[in-house]
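Keep in mind the model is a prediction, meaning the values are calculated, not measured.
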Amino acid sequence: MRADRTAGLAGFLDAVREELGLDLTEEQAGTDIDLLPQWDSVHLLRLVMLLERESGRAVPVGAVLAARSLREIHALAAGGPGDAR
């Protein structure tokens, strides 16, 4: 089985940069999603697909929609619901 490159925040951000084409810094991971440059709803869908593909498990989409930052989304994907806050 291949390793999940999104398990750590740095790998997660590398995957966001590579797969979504968004050049975001670690500081921006905590920024409200609505304030991220070039962010839109298509990026959110692509991010969910990326996380599910990398982790091999379902991502709680309802919780992802409620998340306010990429850091929160990463915590959800890495540890499951409730770990983001």
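In this structure, Glu18 contributes its side chain and Asp14 its backbone to no donor-acceptor pair below 3.5 Å. Side-chain atoms of Arg53 do not come within 3.5 Å of backbone N or O of Val48 as any donor-acceptor pair.
Residues Leu9 and Glu26 form a side-chain contact, since some pair of their non-hydrogen atoms from C-beta on lies under 4.5 Å apart. Under the 4.5 Å side-chain criterion, counting only non-hydrogen atoms from C-beta, Glu54 is not in contact with Met49. Inter-residue side-chain proximity for Thr31 and Leu24 is flagged as unmet; no heavy-atom pair is nearer than 4.5 Å. At least one side-chain heavy atom of Leu35 sits under 4.5 Å from a side-chain heavy atom of Asp32. Side-chain contact between Val59 and Leu76: absent, with no pair of heavy atoms (C-beta onward) separated by less than 4.5 Å. Here the side chains of Leu65 and Leu44 are in contact, with some heavy-atom distance below 4.5 Å.
Across all their heavy atoms, Pro37 and Gln28 have their closest contact at CD-NE2, 3.8 Å. The heavy-atom pair separating Leu50 from Ala15 by the smallest distance is CD2-CB, 3.8 Å. The shortest heavy-atom contact between Ile33 and Ser69 is CG1-CA, 3.8 Å.
Residue pairs that meet the ring-ring contact (aromatic ring centres under 6.0 Å, His included) test with at least one member in residues 8-33, sequence neighbours left out, are Phe12-His74. Applying the ring-ring contact (aromatic ring centres under 6.0 Å, His included) definition to pairs two or more places apart or across chains, those involving residues 41-61 are Trp39-His43.
Residues forming a salt bridge (Lys or Arg N to Asp or Glu O under 4.0 Å) with Arg46 (at least two apart in sequence, or on another chain): none.
One finds no salt bridge joining Arg71 and Glu27 here, because no Lys/Arg side-chain nitrogen approaches an Asp/Glu carboxylate oxygen to under 4.0 Å.
Note: Thr6 OG1 to Leu13 CG = 10.5 Å, rounded to the nearest 0.5 Å.
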Subject >> Derivation of the side-chain contact (heavy atoms from CB on, under 4.5 Å) call for Leu20 and Leu47 >> reply: CA-CA 7 Å; Leu20 277 61; Leu47 180 59; 4.1 Å; yes
